[in-house]
Engineer: 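Pasting a structure here, questions to come.
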Amino acid sequence: QVQLVESGGGLVQAGDSLRLSCAASGGTFRRYAMGWFRQAPGKERDFVARINWSGGQTYYADSVRGRFTISRDVVKNMVYLQMNSLKPEDTAVYYCAADPSAYSSTPRASSSYDYWGQGTQVTVSS
């Protein structure tokens with residue numbers, strides 16, 4: 001139904017910035033909440049950020065708050081993750097996800113999201 005494709009990952013140095021993009025298609029996703037998750041090798045998939053359909057409500061993991069910014073362009077069907085002041089511990093595969101629910105009591109839980117992209121690798125060197 002809904003397809004999500006991430007892009008923008010790469011290799012950067014600590015302190016650098018990177019912007020990830022997620023293109024959505026195939027469903028009524030304009031009113032879906034969108035999220036970013038990440039997974040490091042051998043680790044569980046962790047919540048990073050979430051944004052509602054209009055872009056007026058956001059949530060962030062404590063580890064990225066103040067450094068990362070989630071945004072979306074509903075007209076272009078795009079979601080972005082601006083990553084500033086990157087640290088080596090930010091190294092992971094980053095996934096875009098979609099939540100069809102208008103409201104979620106657990107916005108940071110991966111189980112709240114029904115659709116996932118293929119992921120894009122972000123590597124931060126010291």
Engineer: Verify, without hydrogens or angle tests, whether Asn52 (side chain) and Gln57 (backbone) share a donor-acceptor contact under 3.5 angstrom.
Structural biologist: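 Yes; at least one donor-acceptor contact below 3.5 Å.
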Engineer: Would you give the length of the straight line joining atom CZ of Arg31 to atom CH2 of Trp53, rounded to the nearest 0.5 angstrom?
Structural biologist: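 Answer rounded to 0.5 Å: 4.0 Å.
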Engineer: State which residue, out of Pro107, Ser105, Ser104, fulfils the side chain to side chain contact (heavy atoms under 4.5 Å, CB included) condition with Ser112.
Structural biologist: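 By the side chain to side chain contact (heavy atoms under 4.5 Å, CB included) criterion, Ser112 pairs with just one of Pro107, Ser105, Ser104: Ser104.
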Engineer: Would you confirm whether Gln82, through its side chain, and Phe68, through its main-chain N or O, come within 3.5 Å as a donor-acceptor pair?
Structural biologist: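 No.
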Engineer: Determine, using the 4.5 Å side-chain heavy-atom cutoff (strictly less than), whether Val12 and Val64 are members of one ILVMFWY cluster.
Structural biologist: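 Both belong to a single hydrophobic cluster.
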Engineer: Can you measure from OG (Ser126) to CD (Glu89) and round to the nearest 0.5 angstrom?
Structural biologist: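 Taking OG in Ser126 and CD in Glu89, the distance rounds to 8.5 Å.
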Engineer: Is it the case that more than 12 heavy atoms not belonging to Glu44 sit under 6.0 Å from its CD atom?
Structural biologist: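 Not more than 12 within 6.0 Å, no.
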Engineer: Between Ile70 and Leu18, is there a shared hydrophobic cluster once you connect ILVMFWY residues whose side-chain heavy atoms come closer than 4.5 Å?
Structural biologist: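 Ile70 clusters together with Leu18.
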Engineer: Between Asn84 and Ser17, what is the shortest heavy-atom contact and its length?
Structural biologist: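 In terms of heavy atoms, the two residues are closest at OD1-OG, 2.8 Å.
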Engineer: Could you go step by step and tell me if Met78 and Arg72 meet the side-chain contact (heavy atoms from CB on, under 4.5 Å) rule?
Structural biologist: CA-CA 6 Å; Met78 297 290 293; Arg72 70 153 73 195; over 6 Å; no
Engineer: Verify whether the ring centers belonging to Trp116 and Phe37 lie closer than 6.0 Å.
Structural biologist: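 So the answer is yes for these two rings.
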Engineer: How close do Ala40 and Ala92 get, heavy atom to heavy atom, and via which atoms?
Structural biologist: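 Heavy-atom minimum between the residues: N-CB, 3.8 Å.
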Engineer: Quick check for you: to the nearest 0.5 Å, what is the distance between Ser110 atom OG and Asp99 atom CG?
Structural biologist: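 It is 11.5 Å, given to the nearest 0.5 Å.
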Engineer: Rounded at 0.5 Å granularity, tell me how far CD in Glu6 sits from SG in Cys22.
Structural biologist: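 Reported to 0.5 Å precision, the distance equals 5.5 Å.
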Engineer: Out of curiosity, does Leu20 fall in the hydrophobic cluster containing Tyr113 (side-chain heavy atoms, cut-off under 4.5 Å, transitive links)?
Structural biologist: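 Different hydrophobic clusters.
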Engineer: Cys96 vs Trp36, test: side-chain contact (heavy atoms from CB on, under 4.5 Å). Steps then yes/no.
Structural biologist: CA-CA 5 Å; Cys96 179; Trp36 286 97; 4.1 Å; yes
Engineer: So, using side-chain contact (heavy atoms from CB on, under 4.5 Å) as the criterion, who are the partners of Thr91 when residues are at least two apart?
Structural biologist: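 For Thr91 the side-chain contact (heavy atoms from CB on, under 4.5 Å) partners, ignoring immediate neighbours, are Gln121, Thr123, Val124.
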Engineer: Mind checking whether Val93 and Leu81 sit in one hydrophobic cluster, side chains of I, L, V, M, F, W, Y counted as touching below 4.5 Å?
Structural biologist: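 No.
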Engineer: Quick one: does Gln39's side chain have a donor or acceptor within less than 3.5 Å of a partner on Tyr94's backbone?
Structural biologist: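 The answer is no, because no donor-acceptor pair under 3.5 Å joins these two groups.
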Engineer: For residues Tyr32 and Ala98, report the shortest heavy-atom separation together with the two atoms involved.
Structural biologist: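 Scanning both residues, the minimum pair turns out to be CD2-CB, 4.0 Å.
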Engineer: State, with a plain yes or no, whether a side-chain heavy atom of Thr69 is found less than 4.5 Å away from one of Tyr80.
Structural biologist: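 When only atoms from C-beta onward are counted, Tyr80 and Thr69 do not touch, as no gap falls below 4.5 Å.
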Engineer: Please find the pair of heavy atoms, one from Ser101 and one from Arg50, that lie closest to each other, and give the distance.
Structural biologist: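 Smallest heavy-atom distance, with atoms named: O-NH2, 4.4 Å.
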Engineer: In terms of hydrophobic clusters joined by side-chain contacts under 4.5 Å, are Leu4 and Ile51 together?
Structural biologist: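 Yes.
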Engineer: Is Arg65 paired with Asp62 through a side-chain N to carboxylate O contact shorter than 4.0 Å?
Structural biologist: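 Salt bridge flag = yes for Arg65 with Asp62.
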Engineer: Begin from the C-alpha positions of Arg67 and Tyr60 and carry the test side-chain hydrogen bond (donor to acceptor under 3.5 Å, both in side chains) through to its verdict.
Structural biologist: CA-CA 10 Å; Arg67 298 189 298 121; Tyr60 294 96; over 6 Å; no
Engineer: Kindly give the heavy-atom pair with the smallest separation between Phe47 and Ala61, and that separation in Å.
Structural biologist: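 Answer, listing the atom of Phe47 first, then Ala61: O-CB, 3.3 Å.
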Engineer: Among Asp46, Thr120, Asp90, which residue satisfies the side-chain hydrogen bond (donor to acceptor under 3.5 Å, both in side chains) criterion with Arg38?
Structural biologist: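 Going through Asp46, Thr120, Asp90 one by one, the side-chain hydrogen bond (donor to acceptor under 3.5 Å, both in side chains) with Arg38 is satisfied by Asp90 alone.
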